[in-house]
J.: 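Just passing along the structure, written as structure tokens.
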Amino acid sequence: MRDDRVIAPALLAWYDRHARVLPWRVPPGASVRADPYRVWLSEVMLQQTTVAAVRDYFLRFTALWPTVQDLARADDAQVMAEWAGLGYYARARNLLACARAVATAGEFPVTREGLRALPGIGAYTSAAISAIAYDQPETVVDGNVERVVARLFAVATPLPAAKPELTALATRLTPSTRPGDFAQAMMDLGATICTPRNPACGFCPLNEACEARAQGIATALPRKSPKPAKPDRSGLAWVALQGDAVLLEERPAKGLLGGTLAFPSALWDGRDLPPPGAADWRDLGEVRHVFTHFNLSLRVLAGDLDGTPGRGHLVPLRHIDRNALPGLMRKVWDMARADFAT
DNA sequence: TATGCGTGGAT
DNA sequence: TATCCAAGCAT
């Protein structure tokens, strides 16, 4: 089975029997086409994010905003609140910008190039939407495809340098019929059989064609360049009370936790930055949080504000929605509430 | 090309 | 506990 032309049919036959059932997906062989809006929304949510984490967010978003026109009319703050907890918040900002551009244009572009020009849609997502929603013969290369192809062809070059080579190999395998199902099949295979740690080669529909398996090196592929060490950082967060209200602010649109709702804080050299107002600050303890590129220890200070706060807005405690906060700020809020209770 | 950007689950 | 990693994008 060393003939490349055998790969796609074998994989598609497997997909026809084993395709994962997902809320944004149309089963293989279905008579209806996948809705480009739902494909786009799911693909953006799935960027560097697991299916398990995305599922409920996707269902909530599509219930609130069934079409791209509905989403385009949504309030920025509500979209940010609904995205809270999912991470990579630039995606939410770009999601709205993209929805409004599409709503203005009337419909999603069909081609990879057209999609690629929209905010938050890059090389992967543009190809995925074009292939899955519009059946265009585009090659979709995500982390799963990189792993499957690296193993199929025993590519030893480490990522990310190997990316062009893996893309070229994946392109060679992409069939002209059912390219969307092929893309989803490659990703399903990577997610369920050709997994990073312990690939289930015995169940793999491509095992006879797999060079890495033949060489006994599947688990070692793909190789990856070493990542830089994660530094430790520290900062401060202020839970500022006034009566039955607490001070919240919207973080700057760009940068860490951009555009999210937050307790006033200073994440890097907080000692240089003043608190949001005058108060007798009590030290509630430390919250630890892991970001992609650093570990954070955030000291939580609470106090009753004396006078008008220097920034942010006061929100009645009963209106504080924990779910509208990003993960880090949920931890801060939980610590503060535990303190209130005592 | 390298870096910044979240979060939670698996091992 | 530490590390890896998951359907990447913007700059």
Side-chain angles (χ1 to χ4, degrees), chain A residues 20 22-25 34 38-58 80 83-95 97-98 115-129 131-133 139-148 158-164 167 170 180 182-192 194-198 219 222-233 251-260 262 267-268 288-296 323 325-331:
Chain A
R20 301 170 84 182
L22 302 170
W24 48 85
R25 178 178 280 183
R38 294 167 65 88
V39 173
W40 162 73
L41 179 60
S42 67
E43 291 299 346
V44 172
M45 287 182 166
L46 286 162
Q47 288 166 4
Q48 295 291 287
T49 309
T50 58
V51 166
V54 164
R55 185 176 272 110
D56 288 347
Y57 283 86
F58 177 84
M80 291 307 294
W83 195 276
L86 197 55
Y88 285 143
Y89 297 96
R91 291 185 296 173
R93 289 273 177 215
N94 286 330
L95 190 81
C98 183
L115 289 158
R116 178 70 181 78
L118 292 165
I121 299 184
Y124 161 78
T125 306
S126 56
I129 297 170
I132 296 169
T139 298
V140 176
V141 183
D142 74 329
N144 289 303
V145 176
E146 288 175 354
R147 185 170 58 255
V148 169
L159 285 166
K163 175 96 182 205
T167 299
F182 176 78
Q184 295 176 92
M186 288 285 274
M187 294 189 282
D188 276 17
L189 189 72
T192 63
C194 196
T195 52
R197 308 286 181 105
N198 294 311
T219 304
R223 295 181 54 197
K224 297 199 173 180
S225 299
K227 294 167 187 173
K230 212 174 265 196
D232 295 321
R233 294 183 186 171
R251 292 179 58 81
K254 296 191 175 183
L256 189 70
L257 303 176
T260 64
L267 299 189
W268 293 282
R288 293 181 193 282
H289 196 71
V290 179
F291 289 99
T292 307
H293 51 299
F294 66 95
N295 302 311
L296 177 65
N323 291 327
L325 300 172
L328 170 63
M329 296 301 160
R330 288 178 187 178
K331 292 181 184 177

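Within every chain, numbering begins at 1; the chains are lettered A, B, ... in the order of the sequence lines, protein sequences first and strands thereafter. Remember, predicted model here, so these are calculated numbers, not experimental data.
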J.: Give one of base, sugar-phosphate or nothing for Val145(A), where a contact means two heavy atoms less than 4.0 Å apart.
T.: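 The residue Val145(A) makes no contact with any strand.
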J.: Mark yes or no for a side-chain to base donor-acceptor pair under 3.5 Å between Thr292(A) and dG6(B), with no hydrogen or angle criteria applied.
T.: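 Flag set: donor-acceptor pair detected.
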J.: So that I can tick it off, tell me whether Arg288(A) and Asp232(A) are bridged by a salt bridge, with the cut-off set at under 4.0 angstrom between side-chain N and carboxylate O.
T.: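 Arg288(A) and Asp232(A): not salt-bridged.
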J.: Examine distances only and state if a side-chain atom of Arg330(A) and a backbone atom of Leu325(A) form a donor-acceptor pair shorter than 3.5 Å.
T.: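 Yes; at least one donor-acceptor contact below 3.5 Å.
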J.: Take the protein atom CG of Asp142(A) and the nucleotide atom C1' of dC5(C), then report the distance between them rounded to whole Å.
T.: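 Asp142(A) atom CG is separated from dC5(C) atom C1' by 13 Å.
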J.: Can you check whether Tyr89(A) has a side-chain N or O nearer than 4.0 Å to OP1 or OP2 of dT7(B)?
T.: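 Checking Tyr89(A) against dT7(B): at least one side-chain N or O falls below 4.0 Å of OP1 or OP2.
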J.: Does any donor atom in the side chain of Gln47(A) or Arg91(A) lie under 3.5 Å from an acceptor atom in the other side chain?
T.: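 No.
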J.: Using a heavy-atom cut-off of 4.0 Å across all strands, would you classify Trp40(A) as base, sugar-phosphate, or nothing?
T.: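 The answer is nothing, as Trp40(A) stays clear of every strand by at least 4.0 Å.
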J.: Given atom CG of Leu95(A) and atom C1' of dG8(C), what is their separation to the nearest angstrom?
T.: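 Going from CG in Leu95(A) over to C1' in dG8(C) covers 14 Å.
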J.: Between dC5(B) and dA6(C), how far apart are the C1' atoms? Round to whole Å, please.
T.: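 Per the computed distance, 15 Å lies between those C1' atoms.
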J.: Nearest-Å distance, CG (Asn295(A)) to C1' (dT1(C))?
T.: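 The answer, rounded to whole Å, is 12 Å.
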J.: Taking 4.0 Å as the cut-off, does a side-chain nitrogen or oxygen of His289(A) come that near to OP1 or OP2 on dT7(B)?
T.: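 Indeed, a polar side-chain atom of His289(A) lies that close.
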J.: Could you tell me whether the side chain of Thr49(A) has a donor or acceptor atom within less than 3.5 Å of a complementary atom in the base of dG8(C)?
T.: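 No such pair is found, so the answer is no.
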J.: What is the distance, to the nearest angstrom, from the CZ atom on Arg93(A) to the P atom on dC5(B)?
T.: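 Computing the Arg93(A):CZ to dC5(B):P distance gives 16 Å.
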J.: If you look at every heavy atom in Ala53(A) and Leu86(A), which pair is closest and at what distance?
T.: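 So the two residues come closest at O-CD1, 3.9 Å.
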J.: In whole angstrom, give the distance that lies between atom CZ of Phe291(A) and atom C1' of dG6(B).
T.: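 Taking atom C1' of dG6(B) as the reference, CZ of Phe291(A) is at 7 Å.
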J.: To the nearest 0.5 Å, tell me how far Lys227(A) NZ sits from Thr292(A) OG1.
T.: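 So the NZ of Lys227(A) and the OG1 of Thr292(A) are separated by 10.0 Å.
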J.: Is the backbone of Leu257(A) close enough, under 3.5 Å, to the side chain of Thr260(A) for a donor and an acceptor to pair up by distance?
T.: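 Checked: pair present.
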J.: Have His293(A) and Lys230(A) got a donor and an acceptor in their side chains that come within less than 3.5 Å?
T.: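 There is no such pair (donor and acceptor under 3.5 Å, judged by atom type) between the side chains of His293(A) and Lys230(A).
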J.: Tell me what Leu257(A) touches on the nucleic acid: a base, only sugar-phosphate, or nothing, going by heavy atoms under 4.0 Å.
T.: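 Sugar-phosphate, no base atom in range.
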J.: Students often get this wrong, so: under 4.0 angstrom with heavy atoms, is Leu296(A) touching a base, only sugar-phosphate, or nothing?
T.: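 It contacts nothing in the nucleic acid.
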J.: Remember a base hit wins even if backbone is also touched, and classify Gly85(A) as base, sugar-phosphate or nothing at under 4.0 Å, heavy atoms.
T.: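 Sugar-phosphate, backbone atoms only, no base.
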J.: Could you tell me how far apart Met80(A) (CE) and dG6(B) (P) are, to the nearest whole angstrom?
T.: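 It is 9 Å, rounded to the nearest whole Å.
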J.: Assuming nearest nucleotide by heavy-atom distance, tell me which of Asn198(A) and Pro164(A) is located more 5' along DNA chain B.
T.: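 The answer here is Pro164(A).
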J.: Can you tell me how far C1' of dC4(C) sits from CD of Gln48(A), to the nearest Å?
T.: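 So the CD-C1' distance, Gln48(A) to dC4(C), works out to 12 Å.
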J.: Restricting to salt bridge (Lys or Arg N to Asp or Glu O under 4.0 Å), what partner residues turn up for Lys163(A), sequence neighbours left out?
T.: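 Residues passing salt bridge (Lys or Arg N to Asp or Glu O under 4.0 Å) with Lys163(A): Glu146(A).
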J.: To the side chain of Phe294(A), which of dC5(B), dG8(C), dT7(B) is closest?
T.: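 The closest nucleotide is dC5(B).
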J.: Can you measure from CG (Leu46(A)) to CH2 (Trp24(A)) and round to the nearest 0.5 angstrom?
T.: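 Rounded to the nearest 0.5 Å, the CG-CH2 separation comes out at 4.5 Å.
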J.: Please produce a list of atom pairs where a protein N or O lies less than 3.5 Å from an N or O of nucleotides 9-11 of chain C.
T.:
unit_1	atom_1	unit_2	atom_2	d
dC9(C)	OP1	Gly122(A)	N	2.8
dC9(C)	OP1	Thr125(A)	N	2.9
dC9(C)	OP1	Thr125(A)	OG1	2.7
dC9(C)	OP2	Ala123(A)	N	3.3
dC9(C)	OP2	Tyr124(A)	N	3.2
dA10(C)	OP1	Gly120(A)	N	2.5

J.: Quick check on dC5(B): is either OP1 or OP2 less than 4.0 Å from any side-chain nitrogen or oxygen of His293(A)?
T.: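 For His293(A), the contact criterion (side-chain N or O under 4.0 Å from OP1 or OP2 of dC5(B)) is met.
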J.: If I pick the C1' atom on dC5(C) and the same atom on dG6(B), what distance separates them, to the nearest angstrom?
T.: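 To the nearest whole Å, 13 Å.
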J.: What residues in residues 222-230 of chain A put a non-hydrogen atom under 4.0 Å from any atom of DNA chain C?
T.: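 Result for residues 222-230 of chain A: Lys227(A), sorted by number.
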J.: With respect to the side chain of Arg197(A), which nucleotide from dT7(B), dG6(B), dC4(C) is positioned closest?
T.: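 Nearest to the side chain of Arg197(A) among the choices is dC4(C).
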J.: Check the distance between dG8(B)'s P and Arg55(A)'s CZ and give it to me in whole angstrom.
T.: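 Spelled out: CZ on Arg55(A) to P on dG8(B) is 17 Å.
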J.: Do Leu256(A) and Phe294(A) touch side chain to side chain, with heavy atoms closer than 4.5 Å?
T.: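 In contact.
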J.: Scan Arg147(A) against the nucleic acid and name what it touches under 4.0 Å (heavy atoms): base, sugar-phosphate only, or nothing.
T.: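 Sugar-phosphate, backbone atoms only, no base.
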J.: For Arg223(A) and Leu159(A), indicate whether the former's side chain and the latter's backbone hold a donor-acceptor pair under 3.5 Å.
T.: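 Between the backbone of Leu159(A) and the side chain of Arg223(A) there is no qualifying donor-acceptor contact (under 3.5 Å).
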